[in-house]
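Basis for what follows: all heavy atoms, side chains included, without hydrogens, waters or symmetry-related copies. Small disclaimer: the values here were computed from a predicted structure and weren't measured.
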Amino acid sequence: MSTSIVLRGGDVLVDGRWTRADLCIVDGVIVDSAPADAEDVDVAGLLVAPGLVDLQCNGAVGIDLRTDPERLWELAAALPRFGVTAWLPTIVTSSPDVIERAQSALAAGPPNGWSGAVPLGLHLEGPFLSPNAAGAHPIDLLRPPSLGAIESWSRADGVALVTLAPELDGALDVVEALVARGVVVSIGHSQATAAQASAAVDAGATSVTHLFNAMSPLHHREPGVAGAAMSDGRLAVGLIADGIHVDPRVVGIAERALGERLILVSDAVALLGVDGIDFTHGVRLPDGTLAGSVLPLVQAVRNLVDFTGCSPERAVAAASGRPASVLSDPTRGTLSTGGRGDVTALDLDLDLHLTVVAGDIVHRRHRHD
């Protein structure tokens, strides 16, 4: 049975511009017109934007994927509250069995009646990280890169993205092998020189994980990973725009330098969505090391506008179309005809009012919110 919905009266973001138009979604796909019996949803006065895509989310609403990877579908059901319609469940450095459990949970599919943000594959952040840039990752679980360790890592096996340190022995062979299997490779938690980072890009790496955090910094005589990220046009670059991981002034520098290569990520942990905790709550280990954020991705969009003065449409693209392009997914992050019916409806302050996944309303802001 066909399902159809029409979002009426909003300003729809298409090709980088807001246009007053109705948005029609039939069977989860954006179409030019809907049947007469389509459900009407009034979005007058709202900005109708593509659904947000989070490439780095470790947890939320009390769920930590490192300890409970089987709960990824439960977590996915909660993410539309933050404007997210698709995401990568992120597994930080863990024992191999945790990765296997996450792969099994993803392959099992959602429970009956489930709705939420669609997981597009796992992001394995580690264990091939530099012990000198481990951040909050447990050093005792770090491992050297090897082809044997990634035998079951492929896009077909549910692995979409892997973060690694390219300066480690054997890393470039792993980069080439993962890319050949359809996996996106991202540079992160690394003390690489700019030359070593460039070698990884030559081998197939196309992304950088949380710019400036847990990486060799930009220096005028050795640009490091941060300098390579900001200068190499082949790289999409993730950034945590909570004002804690990166100072708002530096966010502005990065936005101007990166332009359309900037990707907003949440790097959210289990405290996201917990009562009494907001995005300004820094998550730290006892020694002060930052350990993820409690940043809703829709708040990252607002912050990017506030920190840099960029346009809302530019900020939305950094959390929708651009991350979708990292995964080579042309159906997400767009509201053009033929795209998936994934939508966030925002007011002029960029507060979230409505989240739609494949034409289903999965989150609606109520008056008391």
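- With hydrophobic clusters built from ILVMFWY side chains whose heavy atoms lie under 4.5 angstrom apart, Leu88 does not share a cluster with Val298.
- Annotation: salt bridge (Lys or Arg N to Asp or Glu O under 4.0 Å) contacts involving residues 75-90, sequence neighbours excluded, are absent.
- For Arg143 against Ala149, the heavy-atom pair with the smallest separation is NH1-CB, 3.9 Å.
- The same ILVMFWY cluster, assembled from side-chain heavy atoms under 4.5 Å apart, contains both Val357 and Leu55.
- Both Leu264 and Val84 sit in one connected hydrophobic cluster of ILVMFWY residues. Membership requires side-chain heavy atoms under 4.5 Å apart, directly or through other members.
- Residues Val14 and Ser336 share a closest heavy-atom pair of CG1-OG, 4.0 Å.
- To the nearest 0.5 Å, the span separating CG on Asp267 from NE2 on His210 amounts to 5.5 Å.
- Side chains of Pro50 and Arg332 form no contact here, defined as non-hydrogen atoms less than 4.5 Å apart.
- Note on Val183: it clusters hydrophobically with Val175, by side-chain heavy-atom contacts below 4.5 Å among ILVMFWY residues.
- The shortest heavy-atom contact between Thr308 and Gly252 is CG2-CA, 3.6 Å.
- The closest side-chain donor-acceptor pair between Asp54 and Ser266 falls under 3.5 angstrom.
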Decide yes or no on side-chain contact (heavy atoms from CB on, under 4.5 Å) for Asp351 and Arg365, but give the supporting numbers first. CA-CA 10 Å; Asp351 288 323; Arg365 180 180 180 182; 3.6 Å; yes

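- Note that CG of Leu271 is 11.5 Å distant from CG of Asn58, once rounded to the nearest 0.5 Å.
- Inspection of the Glu222 and Thr193 side chains reveals no N or O donor paired with an N or O acceptor under 3.5 Å.
- Of all heavy-atom pairs spanning Thr337 and Val31, the tightest one is CG2-CA, 4.3 Å.
- Although no hydrogens or angles enter the test, the distance criterion places no donor-acceptor pair under 3.5 Å between the side chain of Thr331 and the main chain of Asp329.
- Scanning all heavy atoms of the two residues, the minimum distance from Ala86 to Leu120 falls at CB-CD1, 3.7 Å.
- Note that CG of Leu7 is 9.5 Å distant from CG of Leu46, once rounded to the nearest 0.5 Å.
- Nearest heavy-atom pair across Leu239 and Leu211 is CD1-CD2, 4.1 Å.
- The residues Glu260 and Arg322 are annotated as not salt-bridged, no charged nitrogen and carboxylate oxygen being separated by less than 4.0 angstrom.
- In this structure, Pro312 and Leu350 have side chains that are in contact, with non-hydrogen atoms separated by less than 4.5 Å.
- A salt bridge is defined here as a Lys NZ or Arg NE, NH1 or NH2 lying under 4.0 Å from an Asp or Glu carboxylate O, and Asp22 with Arg8 meets this definition.
- Residue Phe82 is not grouped with residue Val118 when hydrophobic side chains (ILVMFWY) are merged at heavy-atom distances under 4.5 angstrom, including chains of intermediate members.
- When side chains are defined from C-beta on, Pro89 does not count as touching Pro69, because their heavy atoms never get closer than 4.5 Å.
- Other residues, nucleotides and ligands contribute only 12 or fewer heavy atoms inside 6.0 Å of the CZ atom of Arg249.
- Between the CZ atom of Arg66 and the CD atom of Glu125 there is a distance of 12.0 Å, given to the nearest 0.5 Å.
- The 12-atom threshold is exceeded at CG of Asp140, counting heavy atoms of other residues, nucleotides or ligands nearer than 6.0 Å.
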